[in-house]
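Since the model is a prediction, treat every value here as computed from it, not as a measurement.
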Amino acid sequence: MKLLTCPMNGTRPLSEFVFGGEYRQAPDQLTCTDAEWAAYVHNRSGAPGDKKEWWYHSPSGTWFIAERNTLTDKVTRTYLFGQGNTTQEQGK
Amino acid sequence: MPLRLLKYALSKEHPAPRFFKAHESLKKSYDVVIIGGGGHGLAAAYYLAKDHGITNVCVLEKGYIGGGNTGRNTTIVRSNYLTPEGVNFYDASVKIYEGLSEELDLNLFYSTRGHFTLAHTESAMRTMRWRAEVNKHVGVESRVVGPDEIAKACPQLDLSCSGQAPILGALYHAPGSVARHDGVAWGYARGADRLGAEIHQNTEVLSIDVKNGKVCGVNTNKGYIETKQVLSAVAGFTPRITEMVDLQTPIVIHPLQACVTEPMKPWLDTILVSGSLHVYVSQSSRGELVMGSSLDPYEVHSTRSTLDFVEGLTAHMLDMFPFLSNVKVVRQWAGMADMTPDFAPIMGKTPIEGFYLDAGWGTWGFKATPISGKTMAQTIANDSAPDLIHSFRLSRFEDYELTGEKGAASVGH
Amino acid sequence: MQQFDVRKIIQTSPVAHAQPKALAKWEVINGMEIAVEFASAEIERARKQVLGVADVSCLVRYGVKGPNAMQWLVERGVAIPTSPNAWTMSEQKTLVLRLGGSEFLIEDQLGGFVCNKLASETTRVAGVYQVPRADAAFVVSGSETLNLFSELCSLDLREKSLADNQLIMTQIAGISATVIHQTLHGESIYRIWCDGTYGAYMWEILMEIAVELGGGAVGLSHYQS
Amino acid sequence: MIFRTLKQSGEWINRAKKISFTFEGEVFQAYEGDTISSALLAAGQKILGRSFKYHRPRSVLSLANHDVNVLVTDGVDTNIRADVVEVKDGMVLTAVNTSGGVKKDKNSYIDSISPLLPVGFYYKAFHTPRRFFPFWEKVIRKAAGLGVVNFNYPRILKRKTHSHCDVLVVGAGPAGLAAAYTAAEAGLEVILVDENRQLGGSLGYNRAGESSVVAQLDGLLAKVASLSNIKIISAAYAAGYYPDHLVPIVSDAGINKVRAKSVIVASGAFEQPPVFRYNDLPGVMLGSAAQRLIYRYAVKPFNNGVVVTANDYGYRVALDLLQAGVKVAALVDMRTQGSIVNEAELSKRGVKVYTGYCVYEALATSDKSGVRGAVICPYDEKQSQALTDNKFTLDCDGIAMSAGWAPAGALLYQAGTGMQYDYNVEQFVPSRLPNGMFAAGKVNGVFELEQRLRDGIRAANDAVRHLGLDAPQNNAEKHVGAIPSHPYPMVPHPKAKNFVDFDEDIQIKDFENAAKEGFDNIELMKRFTTVGMGPSQGKHSNMNAIRILARIRGLPVEKIGSTTSRPFFHPTPIGHLGGRGFHPHRLTSLHDWHQENGAVFTDVGAWKRAAYYLTADQSKTDAIQAEALAVRKTAGIIDSSSFGKIEIHGPDAALFLERFFTGVYTDQKVGGCRYVMLLDEAGVVIDDGIASRLADDLFYISVGTSNAAAVYREMQRSQQMWQLNLGLVNVTGAFGAINIAGPFAREILATLTSLDLSPEIFPVNSVRESQVAGVETRIIRVAFVADNGYELHAPMGQLPHIWRALVEAGKPHGLRPFGTDAQRLLRLEMGHAMPGVDTDGLTNPFEIGADWAIKMYKPYFIGQRSLQILAKRPLRKQLVPFVLAENYKGELPLDCNLVVNGRDILGRVTSISYSKFFNRYIGFAYVPPDKKAAGSVFEIRADSGALVVATVVPSPFIKSLKEA
C-alpha cells in the first residue's frame with residue numbers, strides 16, 4: 001500500500017487516510033451566476049496533473065492538504081490547511 | 001466440430017484475412033474522426049457506416065484497439081439498472097448483444113448465465129426491490145429472490161458468508177451475461193473496416209482544432225486531419241481530450257481493479273455480485289474466475305495494481321466460497337474508470353459544435369458498447385441526440401437534473 | 001424519587017463482554033469491575049514471558065484539548081511532553097499522553113490522583129475543552145509482542161524504530177488506536193488505547209493471536225501493583 | 001528409483017528417510033526432500049501430465065515452476081505444482097485435466113484434430129446459427145479448466161504480517177547473496193528472500209561437472225549466516241511489487257508484507273526453450289531443469305541424451321550430465337560459430353559436437369510417452385531454417401535444451417523500471433531504475449559468476465548510498481564472452497507442433513497466422529493467441545513470442561517491446577491473500593443486557609444494535625408490534641448509544657452551526673433544542689439531528705448512527721477552513737444514550753431524578769442537565785418516537801446503571817425495551833422522514849417538505865447556493881404520508897414498490913408498515929407535486945403487479961389518524 005505523510009503524525013499507509021477530494025476555491029456565492037455555481041458544484045478538473053487535495057488521517061482526526069500528481073501518484077508535500085504559504089489555499 | 005473450421009485444416013495457407021487493414025498514412029480529411037479505438041469508438045464507426053452510410057471515417061487509437069477498458073473489464077452485460085432511462089438504454093444494448101455474434105460473424109461467446117446481485121442487509125434488499133420494480137415496469141426480467149433460489153442456482157455459495165454477512169436475498173436478472181471483451185472490439189473493428197472506415201493504431205491525438213466554437217480539425221502524431229465532427233470515446237482519457245477543447249465536465253478518473261484465478265473445471269454457472277462485500281465474479285469459458293471489486297477511493301490516472309485491493313477482494317471471496325482457500329490468483333490489473341457524480345454516462349452533443357462526447361462510463365461501459373455505438377452514430381449523423389440518451393446529456397449537471405442512478409448506492413457492474 | 005450514591009455505581013470494563021465471567025477473578029478497582037487474574041500466578045507469569053495481554057481499562061483518565069489546554073495543565077502542575085505525539089510518566093504514577101499538538105490524555109496508574117483532581121478543578125475556560133474518556137486500555141508484553149503487532153498493525157513498532165517516548169496514533173486490527181512503548185518496572189511493554197465501544201472486539205482479536213503465539217490473558221495485577 | 005545417481009554433494013534429499021506415495025494408482029518410493037516430479041522421474045515414470053488444450057503427454061520442462069506441465073491433485077487440493085512441491089509420505093496423487101488417467105487420456109484425440117483448431121478458433125465458429133451456441137458452449141466449458149475444485153476444501157485463513165527493513169534482496173543466488181552481505185556489513189537491516197528451500201540459486205546446480213563451486217557456495221552462505229542483521233526467508237517468493245517498496249513475500253505460512261527502504265532485485269533469469277517440433281515430449285527438458293534434477297535430487301534426467309544448445313550454457317549442461325553418469329550422445333549447437341573453448345573440453349570427454357546444427361524434431365516412442373531419438377540437420381542461423389537435405393537421427397531417450405534466458409524482471413517491471421534490449425546479451429535489461437530499486441545478476445544482464453558476485457556488491461553499495469551512508473561507487477559490470485541468449489532459436493517445421501507456450505499449446509504458426517489476421521502488435525497477439533496468459537504467465541514463452549513477432553514484422557526486438565508485467569510472480573492462493581481479516585464491531589455498554597433479554601441484533605455500520613427482543617411466545621412481527629404498542633400505550637425504552645454525539649465548545653459555536661447546518665442557532669436559548677439538517681454542496685440531504693444548547697458557548701449535537709463519523713469529519717474540515725473560535729469534541733463512544741418514551745415515560749423517569757419534568761417547565765425541544773439515578777445526565781426532550789419522550793445522554797460506563805434503574809422503575813407501568821425495527825415504525829407514525837431511508841443520494845430538502853428547516857435568509861450555509869437554484873426550478877417529486885384503505889386485506893405493498901399511473905412511474909414507496917396502534921397501513925411515498933395534497937389518491941404497484949390504492953393524509957399520522 002502506498003504511503004502518505006501526515007504533517008502531524010508522520011508517514012503512514014494509505015489505509016489510515018480518507019480521501020477528501022480536490023481542494024477547490026468556491027466562487028463567491030453572492031455574486032456568481034447559477035451556471036457558475038452549478039459548474040463549481042459538479043465539474044472537476046479531471047485532467048491529470050499536480051493537484052491540491054484534502055486528506056484525513058483517521059486515527060488522529062487530522063485534515064491536511066497533500067500536493068499530489070494524479071498521473072504519477074507522487075506526493076510532493078503535505079501540510080496543514082493554511083500553512084502551505086501559498087495564497088490559493090487560504091479559506092473563505 | 002463445426003464444418004467452418006475444416007478450411008483451416010485443409011488449406012495450406014492460413015485462410016483468414018486481416019481483421020482490419022493496416023493503413024500507411026492518414027488522409028487529409030475525414031467526415032468524422034473518432035478518438036479512441038475501444039469497443040465504443042469502433043462500434044460508432046461501424047454504425048456510422050452501416051446505419052447512416054457515413055464511411056469517410058477514421059478511428060484514431062493511441063495504442064492498440066481494445067487495449068483500454070474494453071480489454072480490462074470483467075465482461076458483464078446486464079440491464080438491471082435503477083432508473084427507467086438507464087434500464088431502457090442498457091436493455092437496448094442487451095438486445096443488440098444477443099445477435100451480435102451472428103451480425104459480426106465472430107463468436108463473442110455471449111453467454112447468458114443469469115445475474116444475482118446479493119443483498120446482505122435490509123437496506124440492500126430495499127434497493128434490490130426498487131431495481132426489480134423499475135425493471136419489471138420497463139419489461140426487463142428482474143425479480144427479488146430469496147436464499148433458496150440463490151442456493152439452487154449456486155449451491156456452492158455459503159449463504160451465511162462465513163457468518164460475516166448472511167445473504168437475505170438477491171436481485172435476479174435473467175438476461176445477465178458475459179462475453180469476450182476483446183472479440184467485441186475486434187468484431188466491430190472488422191465490421192467497420194469492411195464498410196470503409198479506417199482504423200489507425202499508434203495514432204495519438206495531440207490537439208483539437210476549434211475555431212469560433214466549431215471543430216475544424218485534429219492534430220495527431222501522424223499529422224493534421226481536417227474534419228468537422230469529432231467523437232471522443234476514450235473513457236479513462238476523457239479529461240485529457242476535453243481539456244483540448246476547453247470543455248468542463250464532472251468526470252474524475254478512479255482506477256478499477258480486477259483479477260483472475262488460474263483455470264479450473266467450470267463450476268460457477270451464474271454471475272454473482274455482492275454490493276456489501278464489494279465482489280463480482282463469474283467463471284470464464286477458460287475456467288478462470290474473473291473477479292472485481294469497487295473503485296479505488298481516490299483519483300489516479302494509472303493502471304497500477306494495489307495489494308489491498310486483492311487482499312480485500314479475496315477475503316470476501318472466501319466469505320462467499322470458503323473452499324477457494326488454495327485456488328490461486330494468477331494476475332491482477334486495473335482500468336481507468338471515468339466516473340460521473342450520478343453514476344450515469346455523459347453522451348451526446350456539447351457546447352462545441354461538432355464535438356461529441358461518449359464518456360462517463362465508469363464501471364459499466366462494456367455492457368453499453370453496442371448501444372452507445374449506435375446512438376452516438378445517430379447523434380453524429382443527425383447532429384442531434386436520440387431520446388434514448390437524452391437523460392445522459394452533459395447539460396444535466398448545469399440543470400441540476402442528475403439521473404437517479406446515484407440512488408442505488410451499492411456497487412453494480 | 002429514589003436516592004442513588006453515584007460513588008457506589010459499579011461499572012464493568014468495556015472489554016468484559018469478551019471475557020468469560022467464570023474464567024477470571026474479578027475485583028472492583030476505581031469503581032470498575034475488572035479481571036485481575038485469569039490463571040495461577042505461575043501460568044500468568046509464563047504467558048507474560050511469551051505474550052501477555054492485560055485489560056487496564058479501569059485506570060482513571062482525564063482528557064482535555066484546546067489551544068489553552070497545555071497551559072491549563074501546566075498551571076495545575078502536570079508535567080507535559082514537550083513535543084507533539086509524545087508521552088511522559090511522572091513519578092511512576094501518572095501517564096500524560098499528548099495526542100497530536102493540543103490534546104491530552106492523562107491516566108493515573110493505581111495510586112495516582114491527578115485525574116480526579118483535574119476533574120474537580122474543571123471549569124469552562126476559554127480554549128480548554130474537557131474530553132470525556134471511555135477508553136478500553138491494554139498492556140501487552142512478552143517475547144512475541146512484535147509478532148502480534150506485525151499482524152495487527154502495518155507500522156514498524158520496534159523499540160529501536162521509535163523515538164524516545166513516542167506516541168503513535170494508528171490503526172490496530174483495523175480500528176483507530178493509540179500505542180506507546182514503555183519500560184515499566186524494568187520490563188518492556190506496549191500500551192494500547194482505543195474507543196471503549198471497540199474494547200470487546202480488540203480483546204477478542206488480541207486473544208486470538210496471543211493464544212496462537214503461545215501467550216494469553218493476564219490479570220491486571222501483573223502490571224499494576 | 002532406477003534413475004537415481006550416486007550421492008551429489010549438496011543434494012536436497014535425505015537418503016536416510018524413504019517415503020512412499022501413489023501417483024495415478026501406482027505406488028512410488030521417494031526420499032524425503034524429493035519433489036513429486038523428481039520422485040516420479042527417479043522411478044522412471046515418463047508421462048507426468050497432460051497439456052491444457054491438446055492433452056499432449058508432458059513431463060518436466062523447467063522443474064522450477066516456470067511452466068505448468070505437471071499439475072496434480074491429491075483429491076483435496078488441486079493444481080499442485082509437482083515440480084516444486086515436496087512429496088510427502090502417503091500422498092495419493094493424480095494428474096489434473098485428464099479423462100481416464102494420464103497415460104491413456106481419452107481427450108488426447110484433440111491433439112490429432114488440432115488442425116481443426118487454428119489460432120483463435122473459438123472466435124471463428126460455434127456462434128451460427130445462434131440456437132446451437134448453448135450446445136457448443138457446454139462442450140467448450142467441459143473442456144475448459146485444469147483441476148477440479150474441491151467444494152469441501154477447508155477455509156484456511158493464513159497469517160498476514162508486516163515487516164520492515166532497509167534493504168530487501170530478492171533472490172539468493174550469487175548476486176543476491178553478495179548484495180545481502182554487502183548491505184549488512186554496511187550496518188543495514190537486510191531481508192533476503194528466495195523461493196527455493198535452500199539458498200544459492202544457480203550456484204547450487206550450474207556446475208559444468210565441477211564440484212569446486214560447492215565450496216564457494218558454502219563460503220557465501222556462511223558469510224550471510226554470520227551476519228545477524230540479515231533475515232533470511234527461504235521457500236518464499238516475492239509475489240509482486242507495490243508502490244513505496246511494498247513487497248508481499250508468500251510462503252506456506254502466509255504472507256509477509258515487507259516494507260523496505262530499498263529493493264535489490266537479484267531474481268535471475270528464466271531459461272527459454274529452443275523451439276522445434278515435439279520439443280514438448282516427456283524427456284525433453286531445459287538444461288537447467290536437468291541440472292536441478294541432478295544436483296538437488298540426484299536424479300538422472302535420462303540415460304542417453306542429446307544436448308541442443310544455442311549458447312555456451314548447453315556445454316556446461318553436457319558436462320553436468322556426464323558427471324551424473326548420463327551418456328551424452330551429442331551436443332548440437334545451433335550457432336554457426338559454436339564454442340571453441342567448450343567444444344574441446346567435450347570432445348575430450350568423447351561427446352560429438354555438431355556446430356551449426358539444429359534438432360529438427362524430436363522423435364517419440366511408439367506409445368508417445370517419451371523420446372526415442374532426435375532428428376538433427378544443419379541449421380542456417382541467418383535464415384533460421386533447418387537444412388533438411390542432410391538430416392539424420394541420433395538415438396537418445398532425452399534432450400536437454402539451452403537457448404537463452406529471459407530476465408525474471410517482474411518486480412522491476414511492476415516498479416516502473418525502464419527496460420532496454422541489450423544486444424550484448426540479447427536480453428532486456430534495466431535501463432532506468434526507479435528511486436530505491438536496484439538490479440543485480442542475470443536479471444541485470446550479468447552472467448559470469450565472478451561478475452555476478454561483483455554486480456551484487458555493486459548494487460548493494462548503490463543501495464547503501466541511496467540510504468544516505470557511505471559506500472564505494474563501483475562500475476557496472478559489462479558482459480564479456482559468448483552471448484548468453486540466442487536471438488532466434490526457432491526451427492520451423494511444416495508439420496509444426498513446435499511449441500512456444502507449453503501452458504497454452506501455442507506453436508510458431510499460431511503467431512504467424514495471428515499476424516496474418518492483423519494481430520501483429522504484441523498485446524493484440526497475446527490476447528488473440530493467449531500466449532503468456534496461462535498460469536506460468538509467460539515465464540518460458542514471452543521472450544520467444546516477442547522474437548517471433550519481431551521476425552514476422554521485420555523489426556528489431558526492442559521495437560516490439562514487451563507485454564506489461566502484473567502481479568503475481570507465481571499464482572498466489574486466495575486463502576493467503578485474504579488471510580485473517582479484521583471485522584471490527586462496536587458494542588454499547590448495554591450489549592450484555594440486550595443479549596440476556598432476547599435481543600436480535602442488526603448491524604448498523606460497525607455497531608451491533610438490538611433490532612427487536614424475541615420472547616418465547618411471540619413471533620418477530622408480533623414482538624415488533626408489541627414493542628411499538630408499548631411506546632404508544634405505556635412506555636418503551638431503547639438504547640440509542642450508537643448515535644453520533646459531538647460537543648461544540650467556544651464562543652463561535654452557534655455561528656459554526658449556522659454555517660454547517662441549514663437552521664438558525666445564534667438566537668437559540670440555553671436549554672433549548674433545535675433540529676439540524678446537513679446538506680452537501682449540491683443541496684442534497686445528508687443527515688439530520690438535534691442541537692441542544694447547554695451553555696452560551698456549548699452545543700451538544702446528536703446525529704444518526706450511520707453518518708456519525710462522516711459528519712464529525714466534515715465538521716473538522718469546515719473548522720479547519722473557517723478557523724472559528726471553538727473546539728470540537730467527538731463523544732460518540734464516551735457517551736451512551738437511552739430514549740424512554742410513551743405515556744408513562746415521565747412518571748417512570750420522575751422516580752429517578754429530582755428534575756421537574758412537568759411539560760410547562762420542561763417542554764418538547766428542550767434540554768436539561770441533571771442527575772438520573774445519581775448519574776449526571778443530559779436529558780433531551782424529544783418527540784421522535786412519541787410526543788412524550790426523553791433522551792438520556794450519560795457516560796457510557798454508567799449507562800447500564802441508569803438503564804436498569806429505569807427498567808426496574810418501569811415494571812409497574814409495563815415499560816418494555818424496543819429495538820430499531822419498532823423505532824422505524826414509531827417514527828413513521830410520528831411522521832419523521834429518515835435520511836437514507838426516505839431520501840436517496842439526490843433528494844433535496846424541498847422534496848421531503850423540509851422547507852421549514854431551511855433558513856435561506858442566512859448569509860451562508862453548506863448547500864445554500866444550490867438550494868437557491870433548485871428553488872427556481874419546478875419541484876419534481878414530493879414525499880407524502882399515505883394510508884391504505886381501512887381494513888385493507890390485499891397484498892401488502894413493500895418499501896420501494898412503485899407509484900404508477902399506467903406506463904408512467906410517478907414515484908415510489910420509501911417506507912410502509914402496518915401500525916397496530918392505528919390498525920392501518922401507513923407509509924411515505926414520493927409522488928408528483930400535483931398529488932401532494934391531503935386526500936389525493938394514487939396507485940402503488942405491489943410485487944405481484946396488483947395495484948393498491950393509497951390516500952395522502954396530513955402529516956403526522958399521529959395527529960391525522962385515530963387510535964384503533
Side-chain angles (χ1 to χ4, degrees), chain A residues 1-5 7-8 11-15 17-44 53-65 68-69 71-75 79-84 89-92, chain D residues 160 162 164 240-248 257-261 416 434-436 582 584 646 659 679-684 709-710 712-724 727-730 732 842 844 856 858-873:
Chain A
M1 190 178 302
K2 214 183 141 48
L3 298 174
L4 185 59
T5 301
M8 283 306 293
T11 302
R12 301 300 172 84
L14 210 64
S15 56
F17 298 90
V18 174
F19 178 54
E22 191 182 354
Y23 170 74
R24 299 165 341 118
Q25 185 80 52
D28 183 342
Q29 66 168 34
L30 293 177
T31 57
C32 74
T33 64
D34 288 359
E36 282 165 355
W37 186 260
Y40 161 70
V41 167
H42 294 121
N43 290 343
R44 294 292 180 273
E53 295 173 335
W54 283 107
W55 286 85
Y56 180 75
H57 182 239
S58 292
S60 65
T62 311
W63 277 108
F64 60 94
I65 303 287
R68 187 176 67 93
N69 186 292
L71 189 64
T72 62
D73 205 12
K74 295 275 181 250
V75 177
Y79 46 86
L80 295 178
F81 179 85
Q83 294 178 13
E89 45 93 16
Q90 299 305 317
K92 61 168 154 272
Chain D
K160 290 198 284 190
H162 297 85
H164 306 266
Y241 176 92
Y242 298 93
D244 296 328
H245 303 325
L246 178 67
V247 178
K257 294 184 254 181
V258 175
R259 176 76 68 182
K261 295 198 179 90
N435 206 18
F582 300 126
I646 300 155
R659 289 193 186 182
L679 308 180
D680 68 11
E681 279 195 322
V684 172
Y712 180 65
R713 206 160 57 219
E714 278 314 301
M715 283 186 168
Q716 288 176 295
R717 169 151 58 177
S718 297
Q719 167 59 7
Q720 266 226 29
M721 287 189 287
W722 300 338
Q723 293 288 314
L724 298 174
L728 298 167
V729 180
N730 188 350
T732 299
L842 287 175
N844 68 52
M856 293 299 284
K858 291 196 293 181
Y860 171 83
F861 62 88
I862 299 170
Q864 182 186 33
R865 186 67 180 83
S866 287
L867 290 191
Q868 288 169 351
I869 296 168
L870 286 165
K872 292 182 208 166
R873 308 185 63 85

With rounding to the nearest 0.5 Å, note down the distance linking CG in D:L246 to CG in A:L14.
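With rounding to 0.5 Å, CG (D:L246) is 11.5 Å from CG (A:L14).
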So which atom in [X] and which in [Y] form the shortest heavy-atom distance, rounded to 0.1 Å?
{"X": "D:D244", "Y": "A:L3", "answer": "OD2-N, 2.7 Å"}
{"X": "A:W63", "Y": "D:Q720", "answer": "O-NE2, 2.6 Å"}
{"X": "D:A682", "Y": "A:H42", "answer": "CB-NE2, 4.4 Å"}
{"X": "D:S866", "Y": "A:V41", "answer": "OG-CG2, 3.7 Å"}
{"X": "A:F81", "Y": "D:M721", "answer": "CE2-CA, 3.6 Å"}
{"X": "A:W37", "Y": "D:E681", "answer": "NE1-O, 4.0 Å"}

For chain A, the option from D:Q864, D:H245, D:Q723 that forms the most heavy-atom pairs under 4.5 Å:
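Greatest number of close heavy-atom pairs with chain A: D:Q864.
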Would you say D:R865 and A:P27 make side-chain contact, with heavy atoms under 4.5 Å?
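They are not in side-chain contact.
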I'd like to check D:R717 versus A:Y56 (side-chain heavy atoms, cut-off strictly below 4.5 Å). Are they in contact?
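The answer is no, as the side chains (C-beta and beyond) never meet within the 4.5 Å cut-off.
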Which atoms of D:K872 are under 4.5 Å from chain A, going by heavy atoms: the side chain, the backbone, both sets, or neither?
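Just the side chain, heavy atoms under 4.5 Å.
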Against chain D, label A:T33 side chain, backbone, both or neither, depending on which of its atoms sit under 4.5 Å from a heavy atom there.
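Backbone only.
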